[in-house]
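Quick note: residue numbers are just sequence positions, from 1. In this text, all values refer to a predicted model and were calculated from it rather than measured experimentally.
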Amino acid sequence: MQELHEGNKAALDIIMERWELPIKAYIYRMTQAPDWVDELSQETFVKVYINASGFDVSRRFSPWIYTIATNLCRNWRRWRSRHPSLPQTHNQFSEKTENWVENLKDPSPEVSKSMEQKEHCAEVKSALESLPETLQTALILYYYQGLSYEEIAEVTHCSRRGVETRLYRAKKLLQPKLSKLMTV
């Protein structure tokens, strides 16, 4: 980022190579919209490039890029809420998956286990989506993206203690929803 900050445009390629997959994974988890992941991740890197001169090189890069991605996801969610008549592509994906599963006659143990894992994944996704955005963001950044409390505090513009509280509340809200998965 130091090189991009200093005007070396080729440094963006290195940044994109390093951060493309983590940012795409984060955006997918935040939006659950596979068709929008590429567009939102590209927009994230455009904003990194445009705002590179304003980046404080004494600070860590990861909270900065996750802040950009988080803000884009929030804007996308607002846009989606204003356009509810547009089809939800991730729901169509789920229907295709369910149709494929129904067409299986006698699933092998491997397929059966895979189907069970997909069901558990769907339950976890549903539980995550039920959380308020602030709790969901903190949870995804901590458990899926591996950010520290301090980095999450930078991204979410709250204190370290605020991050701890958000994670605690998120776990408390998820516990009853996911308790049956723990007994399986």
### Message
Distance check, rounded to the nearest 0.5 Å: Leu72 atom CG versus Thr31 atom OG1?
### Response
11.0 Å

### Message
Is there a side-chain contact between Leu139 and Leu174 in this structure, where contact means two heavy atoms from C-beta onward sitting under 4.5 Å apart?
### Response
yes

### Query
Any link between Tyr149 and Tyr143 through a network of hydrophobic side chains (Ile, Leu, Val, Met, Phe, Trp, Tyr) touching at under 4.5 Å?
yes

### Query
Are side-chain heavy atoms of Arg166 and Cys158 found at a separation under 4.5 Å?
yes

### Query
Other hydrophobic cluster members with Ile50, side-chain heavy atoms of Ile/Leu/Val/Met/Phe/Trp/Tyr under 4.5 Å, chained?
Val46

### Query
In terms of ring plane angle, is the pair Tyr26 and Tyr66 parallel, tilted or perpendicular, where the classes change at 30° and 60°?
perpendicular

### Task
Could you grab the distance from atom OG1 of Thr137 to atom CD of Glu133, nearest 0.5 Å is fine?
5.0 Å

### Task
Report the C-alpha separation of Lys24 and Glu20 in whole Å, then their side-chain angles, then the decisive distance to 0.1 Å, and conclude whether the salt bridge (charged side-chain N to carboxylate O under 4.0 Å, His left out) test is met.
CA-CA 6 Å; Lys24 282 185 174 185; Glu20 182 180 23; 3.2 Å; yes

### Task
Report yes if the side chains of Val48 and Trp64 come closer than 4.5 Å at any heavy-atom pair, otherwise no.
yes

### Query
Near Arg74 CZ, under 6.0 Å, is it more than 12 heavy atoms from other residues, nucleotides or ligands?
yes

### Message
Return the CD to CG distance between Gln2 and Asn8, rounded to the nearest 0.5 Å.
### Response
11.0 Å

### Query
If you measure from CD on Glu150 to OG on Ser159, what distance do you get to the nearest 0.5 Å?
10.5 Å

### Message
For Arg59, is the CZ atom crowded, meaning more than 12 foreign heavy atoms sit under 6.0 Å from it?
### Response
no

### Query
Of all heavy-atom pairs between Glu151 and Ser148, which one has the smallest distance, and what is that distance?
OE1-N, 2.9 Å

#### Entry: Worked verdict on Tyr142 versus Leu147 for side-chain contact (heavy atoms from CB on, under 4.5 Å)
CA-CA 5 Å; Tyr142 185 74; Leu147 269 64; over 6 Å; no

### Task
State yes or no: do Ile68 and Val57 share one hydrophobic cluster built from I, L, V, M, F, W and Y residues joined by side-chain heavy-atom distances below 4.5 Å, directly or via other members?
yes

### Query
Between Arg29 and Gln136, do the side chains contain an N or O donor and an N or O acceptor separated by less than 3.5 Å?
no

### Message
Would you compute the distance between atom CD1 of Ile15 and atom CG of Leu4 and round it to the nearest 0.5 angstrom?
### Response
4.5 Å

### Task
State which residues pass ring-ring contact (aromatic ring centres under 6.0 Å, His included) with Phe45; sequence neighbours excluded, sorted by chain then number.
none

### Message
Around atom CD of Gln145, are there more than 12 heavy atoms from other residues, nucleotides or ligands closer than 6.0 Å?
### Response
yes

### Query
Any link between Met30 and Trp79 through a network of hydrophobic side chains (Ile, Leu, Val, Met, Phe, Trp, Tyr) touching at under 4.5 Å?
yes

### Task
Apply side-chain contact (heavy atoms from CB on, under 4.5 Å) to Thr156 and Thr134, showing your working.
CA-CA 8 Å; Thr156 58; Thr134 55; over 6 Å; no

#### Entry: Residues, nucleotides or ligands: over 12 heavy atoms within 6.0 Å of Tyr49 OH
no

#### Entry: Side-chain donor or acceptor of Ser130 paired with backbone N/O of Ala127 under 3.5 Å
yes

### Task
Compute the centroid of each ring, for Phe61 and then for Trp19, and state whether the two points are separated by less than 6.0 Å.
yes

### Over 12 non-hydrogen atoms of neighbours within 6.0 angstrom of CZ in Arg161
no

### Query
So which residues get pulled into Ile14's cluster when ILVMFWY side chains under 4.5 Å apart are joined, directly or through others?
none

### Query
Has Glu39 got more than 12 heavy atoms of other residues, nucleotides or ligands less than 6.0 Å from its CD?
no

### Query
At what distance, to the nearest 0.5 angstrom, does OG1 of Thr44 lie from CG of Asn71?
9.5 Å

